[in-house]
Amino acid sequence: YEVKRCLFLGDLFHSSYNAYWQTFANWCDQHADTEFVLVKGNHDILNRQSYENAGIQIRSDNFVISPFNFAHHPGSSESDDLYSLCGHLHPAVQMKGKGRQYSKIACFYFGKTEGVLPAFGGFTGTSVIQPTKEDRVFVALENTVIPV
């Protein structure tokens, strides 16, 4: 795919500057035709120049592409007319097996006015959500997306 724009909804790189950041910055440089935008999250601690050197635009609060509001924190939409997509919470559902086993699985959560995207990685935690009947929730397992 020829990606024109890639949005990061915060907490892109949860660390100080190190070799992993440079590897990522090199990857961004290899995709110079793509516009990279970071809606800054509470764990984005690198200095602004590091992001700019990697070709990443920084947005402090929201990034609007109607009809969407992209934000890091839920509840930060600037308009009731926009559907918000955000990160920060790292939503998960708790699944229960027949043998009383439990597993928390990262999920995509879509409510009436806002969606929260998951974080995937060994370093990230999760927050178990309690969706309503009207909400839409999906888990991603390997190459499959499953509605919950």
Side-chain angles (χ1 to χ4, degrees), residues 1-95 104-148:
Y1 299 102
E2 292 184 29
V3 176
K4 296 193 184 313
R5 181 182 293 137
C6 179
L7 301 174
F8 301 102
L9 300 182
D11 298 348
L12 170 62
F13 197 77
H14 189 273
S15 182
S16 57
Y17 186 90
N18 61 36
Y20 293 111
W21 174 260
Q22 192 55 53
T23 299
F24 176 71
N26 291 342
W27 180 85
C28 289
D29 191 47
Q30 293 169 4
H31 298 87
D33 291 341
T34 301
E35 176 187 12
F36 294 102
V37 179
L38 169 63
V39 179
K40 200 168 183 182
N42 55 307
H43 293 292
D44 293 310
I45 61 174
L46 295 178
N47 65 50
R48 187 174 198 90
Q49 193 63 46
S50 294
Y51 298 109
E52 291 174 358
N53 288 346
I56 300 171
Q57 299 173 38
I58 301 291
R59 301 297 169 114
S60 296
D61 297 313
N62 301 336
F63 184 67
V64 174
I65 304 173
S66 189
F68 299 103
N69 173 63
F70 298 94
H72 179 62
H73 293 279
S76 58
S77 180
E78 297 176 350
S79 169
D80 291 337
D81 297 332
L82 300 172
Y83 189 85
S84 283
L85 289 171
C86 56
H88 186 62
L89 294 180
H90 307 190
V93 290
Q94 184 145 345
M95 307 296 282
K104 283 196 302 186
I105 302 172
C107 69
F108 295 83
Y109 164 76
F110 299 101
K112 184 177 179 181
T113 62
E114 186 168 66
V116 184
L117 305 180
F120 297 102
F123 185 69
T124 62
T126 57
S127 177
V128 175
I129 60 166
Q130 301 298 323
T132 68
K133 288 184 181 184
E134 294 80 29
D135 297 336
R136 309 268 330 259
V137 176
F138 301 89
V139 297
L141 299 172
E142 295 185 18
N143 297 323
T144 305
V145 176
I146 303 168
V148 177

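Note that the structure is predicted; figures quoted are calculated from it, not measured.
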Can you name the closest pair of heavy atoms from [X] and [Y] and give their distance?
X      : Y      : result
Pro147 : Phe138 : CA-CD2, 3.7 Å
Ala106 : Pro118 : CB-CB, 4.0 Å
Val137 : Val93  : CG1-CG1, 3.7 Å
Asp44  : Leu38  : OD2-CD1, 3.8 Å
Cys28  : Ile56  : SG-CD1, 4.3 Å
Gly75  : Glu114 : N-OE2, 2.6 Å

Within the 4.5 Å heavy-atom criterion, are [X] and [Y] side-chain neighbours or not?
X      : Y      : result
Leu141 : Ile105 : yes
His31  : Val3   : no
Leu82  : Val64  : yes
Asn69  : Leu85  : no

Query raised in the report: Does the side chain to side chain donor-acceptor pair (under 3.5 Å) test come out yes or no for Ser50 and Asn47, once each step is laid out?
Result: CA-CA 6 Å; Ser50 294; Asn47 65 50; 3.1 Å; yes

Going from [atom1] on [X] to [atom2] on [Y], what distance comes out if it is rounded to the nearest 0.5 angstrom?
X      : Y      : atom1 : atom2 : answer
Asp81  : Thr113 : CG    : OG1   : 12.0 Å
Asn53  : Trp21  : CG    : CH2   : 9.5 Å
Gln57  : Tyr51  : CD    : OH    : 14.5 Å
Asp135 : Ile129 : CG    : CD1   : 7.0 Å
Ser66  : Tyr83  : OG    : OH    : 15.0 Å
Ser127 : His88  : OG    : NE2   : 9.0 Å

Query raised in the report: Going by atom types alone, do Asn26 and Gln22 pair a side-chain donor with an acceptor below 3.5 Å?
Result: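 Short answer, yes.
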
Report task. List for me each residue that meets salt bridge (Lys or Arg N to Asp or Glu O under 4.0 Å) alongside Arg48, sequence neighbours excluded, and say none if there are none. Result -> Glu52

Query raised in the report: Parallel, tilted or perpendicular: which fits the ring planes of Trp27 and Phe24, with parallel below 30° and perpendicular above 60°?
Result: parallel

Query raised in the report: How are the rings of Phe108 and Phe110 set relative to one another: parallel (under 30°), tilted (30 to 60°) or perpendicular (over 60°)?
Result: parallel

**Report entry** Contacts of Ile45 that satisfy side chain to side chain contact (heavy atoms under 4.5 Å, CB included) - sequence neighbours left out
**Finding:**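 Here no residue qualifies.
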
Can you give each donor-acceptor pair under 3.5 Å made by side-chain atoms of residues 4-12, sequence neighbours left out, with the distance rounded to 0.1 Å?
from: Arg5; atom 1: NE; to: Glu35; atom 2: OE1; distance (Å): 2.9
from: Arg5; atom 1: NH2; to: Glu35; atom 2: OE1; distance (Å): 3.2
from: Asp11; atom 1: OD1; to: Asn42; atom 2: N; distance (Å): 3.4
from: Asp11; atom 1: OD1; to: His43; atom 2: N; distance (Å): 2.9
from: Asp11; atom 1: OD2; to: His72; atom 2: NE2; distance (Å): 3.4

